[in-house]
Number of protein chains: 2
Amino acid sequence: MAKNADDMGSRLQRAALDLFREQGYDRTTAAGIAARAGVTERTFFRYFADKREVLFGGEAVLRSALLRAIAEAPEQLGPLDTLFRSFQSVGSLLENNRPFSVPRQEIISATPALQEREQAKLAALADALAVALKARGATELQSVLAARTGMAAFAMATVAWLEHPQPGLADRLDLILLELKTMFAAVSPADE
Amino acid sequence: MAKNADDMGSRLQRAALDLFREQGYDRTTAAGIAARAGVTERTFFRYFADKREVLFGGEAVLRSALLRAIAEAPEQLGPLDTLFRSFQSVGSLLENNRPFSVPRQEIISATPALQEREQAKLAALADALAVALKARGATELQSVLAARTGMAAFAMATVAWLEHPQPGLADRLDLILLELKTMFAAVSPADE
DNA sequence: GTCTATACACTGATAGAC
DNA sequence: GTCTATCAGTGTATAGAC
């Protein structure tokens with residue numbers, strides 16, 4: 001019944017998204033998702049480690065795109081400039097995914113269990129970016145600080161942009177970076 | 001058998017921490033925790049919404065302490081100065097909790113499911129702080145950006161300090177704030 | 001590699017203990 | 001009257017049989 005293994009993940013993902021939208025995440029069972037995709041519950045868990053994971057498959061693509069952008073950034077750029085340039089570079093990737101990302105984010109926003117997973121994914125992604133930044137010569141502290149801070153900003157920009165497409169993601173990122181720069185410039189030099 | 005209701009939460013918490021240390025989080029069942037505390041599994045779930053939550057009871061104390069510090073901060077301080085002063089003000093609170101926090105953090109670091117919960121708690125705490133910052137006159141964007149960024153820095157400082165008590169938490173926070181200020185000052189003014 | 005059995009997390013209801 | 005035990009059940013996730 002299955003066409004090929006590569007497709008099954010997508011089929012399950014689509015079935016899950018549909019069911020979550022129809023009846024909510026909690027009222028949807030893993031067996032129900034599997035049934036809609038024409039397979040058994042056991043097969044579902046062969047493709048996804050747990051029920052939440054079915055909505056977080058695309059993360060790997062985003063991560064590798066960001067890592068590549070960081071590696072290819074001009075040598076002389078600082079960690080934060082490198083990072084925000086990388087965020088800008090994946091804009092079109094995110095725009096192409098918008099039809100899937102919008103309903104997905106609605107479901108996540110309505111489901112605490114999925115918000116937890118999302119936060120964990122963002123933290124893991126930030127750690128991966130920190131490694132890439134460190135490889136460019138930044139210190140450990142700089143890398144982790146920039147990655148965590150930048151990832152928080154990136155997530156804020158993305159979520160807001162999914163809710164309201166205007167202004168665009170690039171403008172939102174610029175605005176956020178400028179706001180952060182301004183706020184940190186206002187910090188008292190010697191804190192106490 | 002139960003002394004009083006107020007104590008039961010702490011008893012279960014201690015029993016859980018002990019068992020997690022002895023056999024790990026995954027190999028410990030909710031029924032096992034309850035049994036060590038002298039009650040049934042059903043009682044465990046009356047005190048904690050789920051198994052993970054048993055390690056995150058103290059969050060409310062930290063939150064209210066931070067919110068109070070923000071509300072009492074001098075009017076003229078900017079969001080980030082307000083925030084980091086508040087972090088500094090809860091230092092002694094965290095030091096008193098160190099005997100509990102150190103083993104707790106070890107267990108969390110070894111358990112992905114608990115790391116997820118921790119990230120979620122940090123995000124929720126950041127949102128609460130953002131509301132408090134906004135009440136002091138900051139814009140929505142400033143409040144959320146400062147809170148998310150500051151919370152990431154606070155968490156980094158705390159985790160590192162739990163692993164190695166020296167340097168102290170206050171010094172770590174100062175160092176991080178300075179590093180952030182320096183990095184953002186180096187950001188190119190007009191980002192492309 | 002699929003299927004069956006099972007452990008464990010969690011929920012509701014009801015009745016009983018203090 | 002609040003807190004707890006007991007019971008019965010659903011759903012997630014794993015593992016061993018074959």
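Treat the numbers as computed from the prediction; the structure is a model and nothing was measured. Chain letters run A, B, ... following the sequence lines, proteins first, then strands; residues in each count from 1. Reckoned from all heavy atoms, side chains included, excluding hydrogens, waters and symmetry mates.
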Output the rounded distance in Å from [atom1] ([X]) to [atom2] ([N]).
X: Asp50(B); N: dT10(D); atom1: CG; atom2: P; value: 22 Å
X: Glu53(B); N: dA9(C); atom1: CD; atom2: P; value: 15 Å
X: Leu19(B); N: dA9(C); atom1: CG; atom2: P; value: 12 Å
X: Arg42(B); N: dC8(C); atom1: CZ; atom2: P; value: 19 Å
X: Arg46(B); N: dA5(D); atom1: CZ; atom2: P; value: 7 Å
X: Tyr25(B); N: dC8(C); atom1: OH; atom2: P; value: 13 Å
X: Glu41(A); N: dA15(D); atom1: CD; atom2: P; value: 15 Å
X: Phe45(B); N: dC7(D); atom1: CZ; atom2: P; value: 18 Å

Determine the contact category for Thr29(A): base if any of its heavy atoms lies under 4.0 Å from a base atom, sugar-phosphate if only primed atoms, P, OP1 or OP2 are that close, otherwise nothing. sugar-phosphate
With a sphere of 6.0 Å drawn around CD of Glu22(B), does it hold more than 12 non-hydrogen atoms of other residues, nucleotides or ligands?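 Atom CD in Glu22(B) is packed in, count exceeds 12.
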Donor-acceptor pair present, Arg27(A) side chain and dG11(D) base, under 3.5 Å: no
Classify the ring geometry between Phe48(A) and Phe44(A) as parallel (under 30°), tilted (30 to 60°) or perpendicular (over 60°).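 Tilted: the ring planes of Phe48(A) and Phe44(A) meet at 30° to 60°.
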Pair Glu59(B) + Arg117(B): basic N to acidic O under 4.0 Å: no
Tell me whether the OP1 or OP2 atom of dT6(D) has a side-chain N or O from Thr40(B) closer than 4.0 Å. no
Quick one: is Tyr47(B) getting a side-chain N or O under 4.0 Å of the dT4(D) phosphate, OP1 or OP2? yes
Between Arg172(B) and Pro167(B) the two heavy atoms that sit nearest each other are NE-O, 3.0 Å
